[in-house]
**Q** 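Before we start, here is the structure in question, set down as structure tokens.
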Amino acid sequence: SGGRKLPKWFVGNITTRGAVRSDFGTYWNQITPENEGKWASVEGTRDQYNWAPLDRIYQYARMAGIPVKAHTFVWGAQAPTWATNNSLSATEMAAEIEEWIRDYCARYPDTAMIDVVNEAVQGHQPAAYAQRAFGLNWIQKSFELARKYCPNSILILNDYNTFQFQHNQFIQLAKPLAQGGYLDAVGMQSHDVTNYSAANLKRDLDNIYSQLNVPIYISEYDIGLTNDQQQLQNIQNHMPVFWAHPAVKGITIWGYVEGSTWITGSGLMSANGQARP
């Protein structure tokens, strides 16, 4: 979709405590902001934007010639308090969501990929404020806005537990969006695959692809095991499956520095660069 030039296949990562480490380019050829691109980080106070942390990421990515994935436009978590406390009318809320998407896209038109809607499966963290603003088709509406303002970006529905647990619920949610042409790809966070077999992983990828017929991004992969050999075994089991699958277009690992990752034990090296196996 769009004119965005992506590497044929990438292995990317996220920022480390809000910074792009000097060793980033040694290992990774795609970048996602861990928290800097979430709505609460950018517009914690209504109509006051803090773009500086994102500016640094995009500046780095442009110099390095690697794609940026925006994370995330519409999510029930890490949204500004003023958006989630029901202080605005539905009409005002709809206008604010559109403004946020419009202004992001205007500032970063070279965004390669976007997690437009994050964790919308029932029981996850769907955006109640967006549902209040747009009604039951709030997900579709969010994608329509992203398409309008970021026409060259790959638009992604991102969610977690889509391998082991809410696999079918995710497919049910994504299918009408995929069939309607609203989304360009799905993102499978993959926080739920620790100790999951290669065979199960392949089966699930095959099923997602056969049902949705859109590309798949492994969007937040991590293996939270402090035992080096167990972590190594997991990664050795999973990576070839991702690598070989025709639908998988790239993988983003969710942090790589010990002590600075969201899930304990998921780091791949110490802060001073000592690699785990």
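Just so it is clear, the structure is predicted and the values come from calculations on it, not from any experiment.
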**Q** Between Asn152 (side chain) and Ala112 (backbone), is there a donor-acceptor pair under 3.5 Å?
**A**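 Looks like no, no N/O pair under 3.5 Å.
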**Q** Any side-chain to backbone donor/acceptor pair from Asp222 onto Ser266? Under 3.5 Å, distance only.
**A**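 Flag not set: sc Asp222 to bb Ser266 has no pair under 3.5 Å.
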**Q** State whether Lys202 and Asp206 are salt-bridged, where the test is any N-O pair (Lys NZ or Arg NE/NH1/NH2 against Asp/Glu carboxylate O) under 4.0 Å.
**A**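 Between Asp206 and Lys202 there is a salt bridge, with a charged N closer than 4.0 Å to a carboxylate O.
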**Q** Does any part of the side chain of Val248, heavy atoms only, come nearer than 4.5 Å to the side chain of Trp243, both counted from C-beta?
**A**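 No, their side chains stay 4.5 Å or more apart.
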**Q** Can you tell me if Glu43 uses its side chain to pair, donor with acceptor, with the backbone of Asp47 under 3.5 Å?
**A**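 Yes, Glu43 side chain to Asp47 backbone: donor-acceptor pair under 3.5 Å.
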**Q** With the 4.5 Å side-chain cut-off for hydrophobic clustering, are Tyr49 and Ile101 part of the same group?
**A**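 Cluster IDs for Tyr49 and Ile101 match.
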**Q** Distance alone, cut at 3.5 Å: any donor-acceptor contact between the side chains of Asn158 and Glu220?
**A**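 Yes, a side-chain donor-acceptor pair sits under 3.5 Å.
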**Q** Under a 3.5 Å distance rule, please check whether Trp28 uses its side chain to pair with a backbone N or O of Asp23 as donor and acceptor.
**A**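 Checked: no pair found.
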**Q** Do Trp39 and Tyr129 make a side-chain contact, defined as non-hydrogen atoms from C-beta onward lying under 4.5 Å apart?
**A**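 Trp39 vs Tyr129: side chains touch.
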**Q** Would you say the rings of Trp254 and His71 are close, in the sense that their centroids are separated by under 6.0 Å?
**A**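 Yes, the ring centres sit under 6.0 Å apart.
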**Q** Any donor and acceptor pair, going by atom type alone, linking the side chain of Ser210 with main-chain N or O of Asn207 inside 3.5 Å?
**A**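 Flag set: sc Ser210 to bb Asn207 pair under 3.5 Å.
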**Q** Aromatic contact between Phe242 and Tyr221, with the criterion being ring centroids under 6.0 Å apart: yes or no?
**A**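 Yes: the rings meet the under 6.0 Å criterion.
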**Q** Examine distances only and state if a side-chain atom of Thr252 and a backbone atom of Asn13 form a donor-acceptor pair shorter than 3.5 Å.
**A**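 Judged by distance alone, no pair lies under 3.5 Å.
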**Q** Do you see a donor-acceptor pair shorter than 3.5 Å between the side chains of Tyr160 and Gln166?
**A**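 Checked: Tyr160/Gln166 side chains show no N/O donor-acceptor pair below 3.5 Å.
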**Q** With a 3.5 Å cut-off and no angle check, do the side chains of Gln229 and Gln233 form a donor-acceptor pair?
**A**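 Note: Gln229 and Gln233 side chains miss the donor-acceptor criterion.
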**Q** State which residue, out of Ile218, Ile251, Leu201, Ile253, fulfils the side chain to side chain contact (heavy atoms under 4.5 Å, CB included) condition with Ser190.
**A**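 Single pass found, and it is Ile218.
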**Q** With a 3.5 Å distance limit and no angle check, can you tell me whether Gln164 reaches the backbone of Asp192 through a side-chain donor-acceptor pair?
**A**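 Answer holds: yes.
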**Q** For the side chain of Asn85 and the backbone of Ser87, is there at least one donor-acceptor N/O pair under 3.5 Å apart?
**A**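 Pair found, side chain donor or acceptor close to backbone of Ser87.
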**Q** Would you please say whether a donor-acceptor pair under 3.5 Å links the side chains of Lys175 and Gln211?
**A**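 Gln211 and Lys175 do have a side-chain donor-acceptor pair below 3.5 Å.
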**Q** Check whether Asn227 reaches the backbone of Gln230 with its side chain - one donor and one acceptor, N or O, closer than 3.5 Å.
**A**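 A pair under 3.5 Å: yes.
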**Q** Will you find, in the side chains of Gln125 and Asn118, an N or O donor that is under 3.5 Å from an N or O acceptor?
**A**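 Not at all, the side chains of Gln125 and Asn118 share no donor-acceptor pair under 3.5 Å.
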**Q** Is Glu36 salt-bridged to Arg56, cutoff N-O under 4.0 Å?
**A**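 Here Glu36 does not pair with Arg56 in a salt bridge, since their nearest N and O are not under 4.0 Å apart.
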**Q** Looking only at atom types and distance, does a side-chain atom of Thr72 sit under 3.5 Å from a main-chain N or O of Asp115, one as donor and one as acceptor?
**A**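 A pair under 3.5 Å: yes.
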**Q** Between Asp204 and Tyr196, do the side chains contain a donor N or O and an acceptor N or O under 3.5 Å apart?
**A**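 Tyr196 vs Asp204: donor-acceptor pair found between side chains.
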